[in-house]
Amino acid sequence: MSLKVKSLKELAAAPQWLTPGHRMCAGCGAPIAMRQLLAAAPRRVVVGCATGCLEVATTIYPYTAWRCSFIHSAFENTAATMSGVEAAYRSLRRQARVEADFVFVAVGGDGGTYDIGLQSLSGMLERGHRVVYVCYDNGAYMNTGVQRSSATPKGAATTTCPAGEASPGKRQPRKDLLAVASAHGIPYAAQAAPSHWRDLVRKAEKAFRAEGPAFLNILAPCPRGWRYDTAQTIELTRLAVETCFWPLVEVEEGRWSITFRPKKKKPLLDFLKPQGRFRHLFEGQNLKMIEEMQREVDENWRRLEALERLTAPAEGLRRSS
Amino acid sequence: MTVREGAGWKEIPRGGLILEPGNAVAYETGDWRTFRPVWHEDRCIQCLLCWVYCPDAAIEVKDGKVTGVDYRYCKGCGICATECPDKAHALEMIREEEAGADG
């Protein structure tokens, strides 16, 4: 499926579903990701949002920063809620009681997606609802004060895995949610970063077109939790991509492809160094942890390249398609 | 309809619904700012990168062109000035108190 990605000029002319006046922190990555994603929406949108920073800070009563229908029910069930919304919509369409065209977007942070909302997300993907599920991954429960989640990278300090004499920060690696989502056999799953907006918008367009559930995992830096200067948000997602900490990949009908290959892969250090949550890794015995993390990043990249080869269509098929 | 402050339960919509889409535009976050981006039209190359990277939709665009910064909402994060291409350098951050009386 080839798509011509819209120019920024065209995107700026699209309806802006998320208004200014929201109260996400200065420099937050999540609203950047949402603005880019929704600028690619082909029709009117309905958004459901799990409990989290985005939900709380965009809908502080009696205000809403959403120009569309917006539903919040609870932390664990945004995928279930949006499944119901999509099913009701299909029924009403069949009965000719609704005419307007909509796309449905479910949003969760990493807490609401990797952890608390995982079973309802799995249900939605398995049942095949035509909903685009978007996770903005800031790597911890930022809204409640930086508690670890299963998306928190190894080595990061949070309030529930603090770094100190007895602990080097989080000991476990991140959960590979893209692999989990794609294992449901859904038509489209991808990982994106707002620094690479063209790639993100292209993936959003594919997700909105998918004839079934689509899953997007978008990196969203958090100045408070990652401990860096607010102006560096986009620089950090760029470094995450260029160090291969956050590979840009997509899984289309089961076929894995890497959508961006850094010309020169940067050392993981470049991504870790500007962030206060990794500061302790640069002291004494923790240095070996950085080597371990670099090895894991390298292994993951090799695994992605292998998956790409393994799932590529056969030569003959490629020519005929 | 935005619910007025101090409204009683009989006056507010059922279920805590907010019936006016996008009414957050009435809530101006510009007073959070410590630093402000100043846009130099003469240096701007109209790449629109500041627009696509702004978390607060505070870069004003008309007919596909940047026309300024909306200080009602800009929180002064500085992403726009960092991402503005070096060859243009059309956005620079200054301290809010240096901005003068007009801002």
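To find a chain, count down the sequence lines: A is the first, B the second, and so on, and within it residues start at 1.
For A:Glu99, the CD atom sits in a loose shell: 12 or fewer heavy atoms of surrounding residues, nucleotides or ligands are nearer than 6.0 Å. For B:Asp63, the CG atom counts as loosely surrounded, since its 6.0 Å shell holds 12 or fewer non-hydrogen atoms of other residues, nucleotides or ligands. Within a 6.0 Å radius of CD in B:Glu60, other residues, nucleotides and ligands contribute more than 12 heavy atoms. Around CZ of A:Arg97, the count of heavy atoms belonging to other residues, nucleotides or ligands within 6.0 Å does not exceed 12. Counted within 6.0 Å of NZ on A:Lys273, heavy atoms from surrounding residues, nucleotides or ligands total 12 or fewer; the atom is thus considered open. Residue B:Asp42 qualifies as enclosed at atom CG: its count of foreign heavy atoms under 6.0 Å is above 12.
In this structure, no portion of A:Glu10 lies under 4.5 Å from any heavy atom of chain B. Within the 4.5 angstrom heavy-atom criterion, atoms from both the backbone and the side chain of A:Ala12 approach chain B. Proximity to chain A (any heavy atom under 4.5 Å) is shown, for B:Val25, by both the backbone and the side chain. Heavy-atom distances place both the backbone and the side chain of B:Tyr27 under 4.5 Å from chain A.
Ion pairing between a basic and an acidic side chain is recognised when a charged N comes within 4.0 Å of a carboxylate O; A:Arg238 and B:Glu83 show such pairing.
Proximity to chain B among residues 44-53 of chain A is not found for any residue, judged by heavy-atom separations below 4.5 angstrom. Close approach to chain B, defined as a heavy atom under 4.5 Å from one of its heavy atoms, is seen in A:Arg35, A:Gln36 of residues 35-43 of chain A, taken by number.
The greatest number of non-hydrogen atom pairs below 4.5 Å with chain B, out of A:Thr19, A:Thr58, A:Leu8, is found for A:Leu8. Chain A forms more heavy-atom pairs under 4.5 Å with one residue of B:Asp56, B:Leu49, B:Ile59 than with any other, namely B:Asp56. Highest contact tally toward chain A, considering only B:Gly76, B:Ala81, B:Cys47, B:Cys54, is held by B:Cys54 [criterion: heavy-atom pairs under 4.5 Å]. Counting heavy-atom pairs closer than 4.5 Å to chain A, the top-ranked of the candidates B:Lys75, B:Glu28, B:Gln46 is B:Lys75. Highest contact tally toward chain B, considering only A:Thr230, A:Val201, A:Thr64, A:Leu18, is held by A:Thr64 [criterion: heavy-atom pairs under 4.5 Å].
Contact detail for A:Gly27 and B:Cys77: the closest heavy-atom pair is N-CB, 3.2 Å. Looking at every heavy atom in both residues, B:Pro55 comes nearest to A:Cys28 through CB-O, 3.5 Å. When all heavy atoms of A:Gly21 and B:Tyr73 are compared, the closest pair comes out as N-CD2, 3.5 Å. Taking each heavy atom of A:Tyr61 and B:Val3 in turn, the nearest pair found is OH-CG2, 3.6 Å.
A 4.5 Å side-chain heavy-atom check between B:Thr82 and A:Ile234 finds every atom pair outside the cut-off. Residues A:Leu11 and B:Trp51 form a side-chain contact, since some pair of their non-hydrogen atoms from C-beta on lies under 4.5 Å apart. With contacts defined as side-chain heavy-atom distances shorter than 4.5 Å, the pair B:Trp32/A:Arg23 qualifies.
To the nearest 0.5 angstrom, A:Trp197 atom CH2 is 9.0 Å from B:Leu48 atom CG. B:Asn23 CG to A:Arg67 CZ: the interatomic distance, rounded to the nearest 0.5 Å, is 10.5 Å.
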I'd like to know whether B:Ile79 forms a side-chain contact (heavy atoms from CB on, under 4.5 Å) with A:Ile32, so could you lay out the CA-CA distance, the side-chain angles of the two residues, the decisive distance to 0.1 Å, and finally the verdict. CA-CA 11 Å; B:Ile79 292 174; A:Ile32 309 175; 3.9 Å; yes

